Amino acid sequence: MCGIVGYTGHVQAAPVLMDGLERLEYRGYDSAGICVSDGDAAHPLKALRVKGRLSALREASENGKAVPGLSGIGHTRWATHGEPTVENAHPHLSGGKVAVVHNGIIENYAELRVKLQGRGYVFESETDTETIAHLLHYYDHGDPVDAIVRTVMHLKGSFALGILFEERPGEVYGIRRDSPLIAATSPEGSFIASDVPAILPWTRNVAYLENMEIVRLSPEGITFFNLDGEPIEKEFTTVSWDVEAAEKGGYAHFMLKEIHEQPKAMEDTIRPHIRDGRIVMDELGMSDDEIRGIRHIQMAACGSAWHVCMTAKYIMERMARIPVDVDLASEFRYRDPVLEEGTMLMVVSQSGETADSLAALRYGKQQGMLSLAIVNVVGSSIAREADRVFYTAAGPEIAVATTKAYSTQLAACVMLALHFGRIRGVVDDDTYAAHVEALLKMPEQIREILRGEARMQWLAGKYANTRDAFFIGRGLDYASVLEGALKLKEISYIHAEAYAAGELKHGTISLIEKGSMVLAVATQKDLMEKEVSNMVEVRARGGTLLALTMEGNYDMEDQADFTIYVPRTEDVLYPNLVVVPLQLLAYYVSLSRGIDVDKPRNLAKSVTVE
Ligand code: G6P
């Protein structure tokens, strides 16, 4: 997500920090800032922050000359709490005594904020990070390691931190939990960074911090501490990656990196919304009466986000008993839709800038509809214009073919459906509790699927030369195959069609011949028998049949030529699991065919024209 750089040494810090941040630009950001210590323990720390590009930071700091000093921290921010503004940009300060940069999400920040306000702290931003700055200030009694330990004990969620203390000029501190942080040494000084590319011009000698390890950079060198404040030894390794490989975290492509980021993206999207077994949607700002008043949901989106809507329709109708219609955003406003009172418009968009989705939102608002957007980019046009916003926490997505944004959008829809269903009194307590538990298990289940990656790679190699592929499924599995087929065709250029399995015999089955690849997704218990009959029909026409089903459903092997399994979960959560092997299949087929996976021909990541 965001980028962190920290430095201390014997060259000017500001240019080093800005250069490091520029090397993390590929991660995406919307604002940036630095804080440099001038070396005088009596001078309050000051931050320089800008909205927009790093070039603006270079300008504001006169290329670093305006902020002299030999140690400092810097940050590029990808907004999660609060819009991309100067006030919300990092570093965040507390009383000029502590400055902090943060990657990750503090789940209990609202609670901490109230407590800190009670102790007299005044907040200048809407961020979760500012709570960390004030906590550090509160616990700082001259021992930085102790202040850090006491602070992190209060934090729920994920963090990588870079910290300066006014009274410790020349020192930079760092700590992490579930967000990466490295430390590095060079003859010019020492560094912390969220990612390897930031430090590559200076050194290849890095140490990877483990969860809850603390690092102190000082002119004398690097020291690591455990949570008891005791110094610990850490091994340094030599990075052999070139800059390009380093940007991709060692993965061959951004798409593969983003596929592997899904467990974390899911955790970051789900966990902040679950407290004590309950789904909490405070940030949505929808009152219970407003939720009870919804009589109909109209969804609109483009591309994969439209597939999310197709999935959400099944889930919302089942869990919340609200009728849902789904339109392609480019069609919605031109069909003169009948929008009765009590209709809520839901727009799903990773970028929040897709022209048709934005136009659909504006059209719905003109018609007087309440609007709710599921968006990944904070402060984007759709996020700003929708009445209610649910932010997914996928972080910046760089590959054109969406993966982690799609998964987090699905998770958002499940949580909204359960939340609405509970408030409307249509989900019983046991079902609700079982689904909340299953949601919390999903990140680990996705990790488990990713451990089986080699099998998908092998399978992709076998079918890389297929001319036609058919993806079939019933119910929610139909919604999943829409995405599976799109993933394959957009990055492998293989003709692929998604069909509701029961509809196959009304036409497309005539296309199936020896050598056609048919992938059947079968996870819905109530539809299993019917789906198996459809699979048998395909096999009888000579198609090669691949089945994607859940563990334990081993009878499937009697029907299919090859079977892929995902862990068991609740019916409505399978789309979130089956999509992972489908993404891997598409990725490895594309790779075998020598296609530029991250930038397939004719496609753009964000389509801002109609
Ligand atoms: C483009 C991308 C798709 C994406 C669609 C909608 O076509 O290639 O991956 O699903 O736009 O984008 P959005 O940003 O609105 O989710």
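All values derive from a computational prediction rather than experimental measurement. Atoms within each ligand, like the ligands themselves, are counted from 1 in listed order. In what follows, every heavy atom counts, from backbone to side chain, and hydrogens, waters and symmetry copies are set aside.
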**Asked** Near Ala305, which atoms of ligand 1 are under 4.0 Å from a heavy atom of that residue?
**Response** 10 (O), 16 (O)

**Asked** Is any NZ, NE, NH1 or NH2 atom of the basic residue among Arg335 and Asp327 found under 4.0 Å from an Asp or Glu carboxylate oxygen of the other?
**Response** yes

**Request:** Enumerate the atoms of ligand 1 whose separation from the nearest heavy atom of Val400 is less than 4.0 angstrom.
**Result:** 8 (O), 9 (O)

**Prompt:** Does an N or O from Ser349, backbone or side chain, lie closer than 3.5 Å to an N or O of ligand 1?
**Reply:** yes

**Request:** Flag Thr354 as yes when one of its N or O atoms lies below 3.5 Å from any N or O atom of ligand 1, and as no otherwise.
**Result:** yes

**Fill in**
ligand 1 to Ser304, heavy atom cutoff 4.0 Å, flagged ligand atoms 10 (O)

**Asked** Does Cys302 come within less than 4.0 angstrom of ligand 1, counting non-hydrogen atoms of the residue?
**Response** yes

**Item:** Close N or O approach (Gln409, ligand 1; < 3.5 Å)
**Value:** no

**Asked** With Thr343, which of His296, Gln298, Arg295, Gln367 fulfils side chain to side chain donor-acceptor pair (under 3.5 Å)?
**Response** His296

**Message:** Give the atom numbers and elements of ligand 1 that come within less than 4.0 Å of a heavy atom of Ser351.
**Reply:** 13 (P), 14 (O), 15 (O)

**Request:** Please name the residue in the list Phe562, Tyr588, Tyr463 that meets the ring pair (Phe, Tyr, Trp, His ring centres under 6.0 Å) test with Trp458.
**Result:** Phe562

**Asked** Pick from Asn376, Thr392, Thr408: which one makes a side chain to side chain donor-acceptor pair (under 3.5 Å) with Gln350?
**Response** Asn376

**Asked** Do Val347 and Leu372 touch side chain to side chain, with heavy atoms closer than 4.5 Å?
**Response** no

**Fill in**
Atoms of ligand 1 under 4.0 Å from any heavy atom of Gln350, numbered from 1 in the order shown, are 13 (P), 14 (O), 15 (O), 16 (O)

**Heavy-atom side-chain proximity of Cys413 to Thr311 below 4.5 angstrom** = no

**Item:** Those atoms of ligand 1 less than 4.0 Å from some heavy atom in Thr402
**Value:** 9 (O)

**Request:** Could you check if a side-chain atom of Asp195 sits within less than 4.5 angstrom of a side-chain atom of Pro180, using non-hydrogen atoms only?
**Result:** no

